[in-house]
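What follows is a short report on a single structure.
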Amino acid sequence: MDPALYYRPSGRISPMVLPALLASIVGIWPFAWLYAWICDNIPFIYLDVFATLGYSIVAACFVYMAAAIGKARNPIIMGVLGWLFATIAWYVQWACWLNIVVHEHPADLPLEIAQANSMVFSVHPEWIFAFMASLLKHGAWTFRSLHVSGIISAICWVAEYVIIISFPIYLGYMVAGSPYCEGEQHRANEKEMKLRFKLIEDTAEFVRQAEAEPDALSHLLKRAHDDVHDHAKLTIWVCGEGEDCYATVENVTHTWKDGKRKEEETLVLRYLRISWQAAQVYLHKSAEIEKRQEERKAEKAKAAEEKAKKADDETAQSH
């Protein structure tokens with residue numbers, strides 16, 4: 001594979017990403033408090049896992065917004081910043097959780113701790129780590145009558161941390177690595193083609209031919225019927241007139257499991273550089289297909305309406 005044939009991020013990143021992330025720390029606080037409240041008040045570990053996933057996704061959304069504001073085109077740096085922000089989000093939810101727990105049991109604690117809020121806890125990491133050490137020793141929750149402490153608690157915390165950082169790192173890396181229009185200074189517009197193509201059987205040969213002549217994708221991808229299940233799909237990232245555009249091709253297959261159909265997408269090639277003119281050919285074809293689909297939908301709706309009206313008329317006449 002020749003890297004020059006594919007999109008390569010410029011590595012640039014605006015300093016604005018830093019104030020955006022700092023503002024995101026303030027923005028994540030209510031979600032951290034909500035997550036901490038759920039973990040403290042809902043005694044079902046399965047729901048807690050879903051809450052952790054949700055909190056990670058929220059943190060990832062803040063990273064996405066920071067990457068957009070900072071016009072990030074450096075996946076490594078944005079992945080690291082995603083990890084740093086997610087670690088802060090993990091730390092903040094600890095501060096919020098301790099705030100909730102301390103206010104529930106303030107009697108045996110020093111006054112400055114008993115009256116502290118989550119903001120105060122966040123600037124006193126020694127308090128947080130002292131509580132964590134105490135929880136490791138004595139435990140803080142039970143699972144099926146088993147009092148959880150020690151190494152089990154540590155494993156749960158590590159698992160929670162891994163979940164929380166996973167989505168922000170992934171999204172930060174992927175967003176910064178997606179096509180960017182350097183000429184117009186904005187992220188390329190993602191357009192998934194409405195056209196369906198025949199499933200690509202020999203992916204290695206397809207990639208070889210596509211790399212040999214990128215603008216000939218229209219000859220390599222063979223049209224398939226709109227109702228076919230297994231197919232190939234094409235996504236194009238579009239920049240302004242005259243700028244390079246980029247194409248991603250995936251195979252979409254379906255399998256049945258437990259009586260349900262499961263869709264799976266397999267990458268064939270990602271961000272292949274194509275000309276603006278070649279991209280316009282696909283956009284035009286896709287627009288035509290979409291227009292015809294809308295027309296057929298309108299025709300079906302009109303036919304159904306006429307059928308219903310006819311049935312009502314027949315019913316009225318029978319009476």
Side-chain angles (χ1 to χ4, degrees), residues 1-11 73-76 78-79 166 169-183 187-258 260-293 296:
M1 184 178 75
D2 185 357
L5 296 173
Y6 295 85
Y7 172 74
R8 288 186 295 180
S10 65
R73 288 98 82 195
N74 191 313
I76 300 298
M78 205 60 226
S166 58
I169 292 174
Y170 174 77
L171 194 59
Y173 183 90
M174 292 301 293
V175 169
S178 64
Y180 190 88
C181 307
E182 295 292 342
R187 197 70 58 188
N189 296 319
E190 181 181 352
K191 303 282 188 180
E192 183 177 325
M193 300 297 96
K194 298 297 181 181
L195 307 167
R196 286 194 174 191
F197 303 95
K198 291 182 179 179
L199 198 70
I200 300 167
E201 303 291 347
D202 190 344
T203 56
E205 177 62 18
F206 177 87
V207 170
R208 187 189 68 78
Q209 293 185 34
E211 289 180 345
E213 195 174 353
D215 283 356
L217 275 177
S218 58
H219 302 298
L220 296 177
L221 291 167
K222 308 300 181 182
R223 281 290 309 276
H225 293 295
D226 291 338
D227 57 352
V228 69
H229 293 306
D230 293 346
H231 63 279
K233 75 172 185 177
L234 172 67
T235 305
I236 294 179
W237 278 260
V238 185
C239 287
E241 184 173 356
E243 287 197 67
D244 287 335
C245 300
Y246 306 92
T248 292
V249 179
E250 296 168 290
N251 273 337
V252 181
T253 55
H254 298 81
T255 56
W256 288 89
K257 186 176 181 180
D258 300 329
K260 296 181 180 179
R261 192 173 72 182
K262 180 182 178 182
E263 184 176 285
E264 182 177 347
E265 296 180 353
T266 305
L267 183 67
V268 177
L269 57 80
R270 174 181 283 147
Y271 303 155
L272 179 68
R273 193 186 304 272
I274 63 175
S275 68
W276 184 85
Q277 290 80 2
Q280 294 309 303
V281 171
Y282 280 110
L283 291 172
H284 180 67
K285 288 181 179 179
S286 181
E288 287 182 345
I289 294 294
E290 191 170 4
K291 183 180 178 181
R292 285 200 293 267
Q293 288 175 345
R296 284 198 294 267

Shortest non-hydrogen contact from His231 toward Leu199: O-CD1, 3.4 Å
Residue pair Cys239, Cys245: steps toward the disulfide bond (SG atoms under 2.5 Å apart) verdict: CA-CA 6 Å; Cys239 287; Cys245 300; 5.8 Å; no
Nearest-0.5 Å distance, CG of residue Leu217 to CG of residue Leu272: 6.0 Å
Separation of Thr248 OG1 from Glu265 CD (nearest 0.5 Å): 11.0 Å
Test log, rule side chain to side chain contact (heavy atoms under 4.5 Å, CB included), inputs Gln277 and Asp215: CA-CA 9 Å; Gln277 290 80 2; Asp215 283 356; over 6 Å; no
Heavy-atom side-chain proximity of Arg8 to Tyr6 below 4.5 angstrom: no
Where Gly11 and Asn74 come nearest, the two heavy atoms and their spacing: O-ND2, 3.2 Å
Side-chain heavy-atom pair Asn251, Asp230 within 4.5 angstrom cut-off: no
Shortest non-hydrogen contact between Leu267 and Leu269, atoms and distance: CD1-O, 3.4 Å
Donor on one side chain, acceptor on other, Glu213 and Gln209, under 3.5 Å: no
side-chain hydrogen bond (donor to acceptor under 3.5 Å, both in side chains) partners of Lys191, counting only residues at least two apart: none
Qualifying residues under ring pair (Phe, Tyr, Trp, His ring centres under 6.0 Å), relative to Phe197, sequence neighbours excluded: none
More than 12 heavy atoms of other groups within 6.0 Å of Tyr173 OH: no
Check: Ser178 and Tyr271 side chains under 4.5 Å, non-hydrogen atoms: yes
Close side-chain approach of Asp244 and Trp237, heavy atoms under 4.5 Å: no
Side-chain touch Arg273/Glu211, heavy atoms, less than 4.5 angstrom: no
Donor on one side chain, acceptor on other, Glu288 and His284, under 3.5 Å: yes
Closest non-hydrogen atom pair, Ala224 against Lys198: CB-N, 3.7 Å
Heavy-atom pair of closest approach, residues Arg73 and Pro9: O-CB, 3.0 Å
For the student: nearest non-hydrogen atoms of Gly79 and Ile169, plus distance: O-CG1, 3.9 Å
Heavy atoms from other residues, nucleotides or ligands near NE2 of His229 exceed 12 (cutoff 6.0 Å): no
Any side-chain heavy-atom pair of Val252 and Arg196 under 4.5 Å: no
Over 12 foreign heavy atoms within 6.0 Å of CD, Glu264: no
Contacts of Tyr7 that satisfy ring pair (Phe, Tyr, Trp, His ring centres under 6.0 Å) - sequence neighbours left out: Tyr246
Distance in Å, Ile200 CD1 paired with Lys222 NZ, rounded so as to fall on 0.5 Å steps: 11.5 Å
Flag side-chain contact, heavy atom, 4.5 Å: Val268 against Glu250: no
pair Met193-Leu283: side-chain heavy atoms closer than 4.5 Å: yes
